[in-house]
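Only heavy atoms go into these numbers, but all of them, side chains included; no hydrogens, no water, no symmetry mates. Quantities reported herein were computed from a predicted structural model and do not represent experimental measurements.
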Amino acid sequence: MINKQLVIDRLISQLENSLEIAAQSAKHAHQDATHEQSKAETQYDSLGIEMAYLAEGQSKRIESLRQDIHVLKETQFPNQHEQVKLGHLVHLVDCQADTPLWVFILPVAGGNKVVLDDVVCQIVTPNAPIAKKLLKQFVGDEIHFDWLAKEYEIYELI
């Protein structure tokens, strides 16, 4: 069995690393945008403007990462383990190949993956197609994922 808190801690660590990189990138983009050499020499010279847009985008990314980290630290996780809900780490098993699939349904950070002890956990938000198929299902239910052309059984909820 996989430790849910370790997955959350690892995900927060990954987001904090991304935040640090984004902050450094924003700092460099801001410096480049305001540097004397970025001043337009002709009407077609747009380096300074491009750097300003890049700095603005990085600033938005930083705010998004900060919000995601805050939400993850404040999220209350379900105590019941019969029906799939937001906050569950869902352990699925391929009905034919008996291979596992781990899906963590969280309010933020969809698209990230966390690897613990050679187990890959896919992070999805409730709007993701896989989460829409899983939410409100029960342990023991079988779900067919069209895009994988496979059927999985919900083995356990953590």
If we ignore hydrogens and angles and just use 3.5 Å, is the side chain of Ser64 paired with the main-chain N or O of Lys60 as donor and acceptor?
no

Flag side-chain contact, heavy atom, 4.5 Å: Phe77 against Ile8:
yes

Do Asp94 and Leu101 pass the side chain to side chain contact (heavy atoms under 4.5 Å, CB included) test, and can you show the C-alpha distance, the side-chain angles, and the key distance before you say yes or no?
CA-CA 8 Å; Asp94 184 327; Leu101 174 65; over 6 Å; no

Which value, rounded to the nearest 0.5 Å, describes the distance between Arg10 atom CZ and Leu15 atom CG?
13.0 Å

Nearest-0.5 Å distance that lies between atom CG in Leu135 and atom CG in Leu86:
7.5 Å

When you look at CD of Gln5, are more than 12 heavy atoms from neighbouring residues, nucleotides or ligands closer to it than 6.0 Å?
yes

State, yes or no, whether a side-chain contact exists between His81 and Val139 at a heavy-atom distance under 4.5 Å.
no

Given 3.5 Å as the limit, does a donor-acceptor pair link the side chain of His88 with the main chain of Gln80, or not?
yes

Point-to-point distance, once rounded to the nearest 0.5 Å, from CG of Asp9 to NZ of Lys73
9.5 Å

Same apolar cluster: Val7 and Tyr155, side chain cutoff 4.5 Å
no

Looking at His144 and Ala149, what are the two nearest heavy atoms and their distance?
CE1-C, 4.1 Å

Parallel, tilted or perpendicular for Tyr152 and Phe145, by the 30°/60° rule?
tilted

Roughly how far, to the nearest 0.5 Å, is CG of Leu65 from CD of Glu20?
12.0 Å

Check the pair His91, Leu89 against side chain to side chain contact (heavy atoms under 4.5 Å, CB included), reporting the backbone distance first and the verdict last.
CA-CA 7 Å; His91 180 191; Leu89 176 56; over 6 Å; no

Cluster check Ile12, Leu116: I/L/V/M/F/W/Y, side chain < 4.5 angstrom:
yes

Apply side chain to side chain contact (heavy atoms under 4.5 Å, CB included) to residues Leu11 and Leu106 and explain how you reach the verdict.
CA-CA 11 Å; Leu11 178 59; Leu106 292 171; 3.6 Å; yes

Taking the side chain as every heavy atom from C-beta outward, state whether Arg61 and Ser18 have any atom pair closer than 4.5 Å.
yes

Under a 4.5 Å cut-off applied to non-hydrogen side-chain atoms, are Val108 and Leu72 in contact?
yes

Taking side-chain hydrogen bond (donor to acceptor under 3.5 Å, both in side chains) as the test, write out the residues that go with Gln96, two or more places apart.
none

CD on Gln24 to CG on Leu19, rounded to 0.5 Å:
10.0 Å

ILVMFWY cluster membership beyond Val120 - transitive side-chain contacts under 4.5 angstrom
Val115

Can you tell me how far CG of Leu92 sits from NZ of Lys150, rounded to the nearest 0.5 angstrom?
12.0 Å

Salt bridge present between Lys4 and Glu156 (N-O < 4.0 angstrom)
no

With the side chain counted from C-beta on, respond yes when Thr75 and Pro107 share a heavy-atom pair under 4.5 Å apart, and no when they do not.
yes

Tell me, yes or no, whether the heavy-atom count around His70 atom NE2, taken from other residues, nucleotides or ligands under 6.0 Å, exceeds 12.
no

For the hydrophobic clusters of this structure (ILVMFWY residues joined by side-chain heavy atoms under 4.5 Å, transitively), does one cluster hold both Ile143 and Ile105?
yes

Which atom of Ile2 lies closest to which atom of Cys121, heavy atoms considered
CD1-SG, 3.8 Å

Output every pair passing side chain to side chain donor-acceptor pair (under 3.5 Å) with a member in residues 107-132, not counting sequence neighbours, ordered by first then second residue.
none

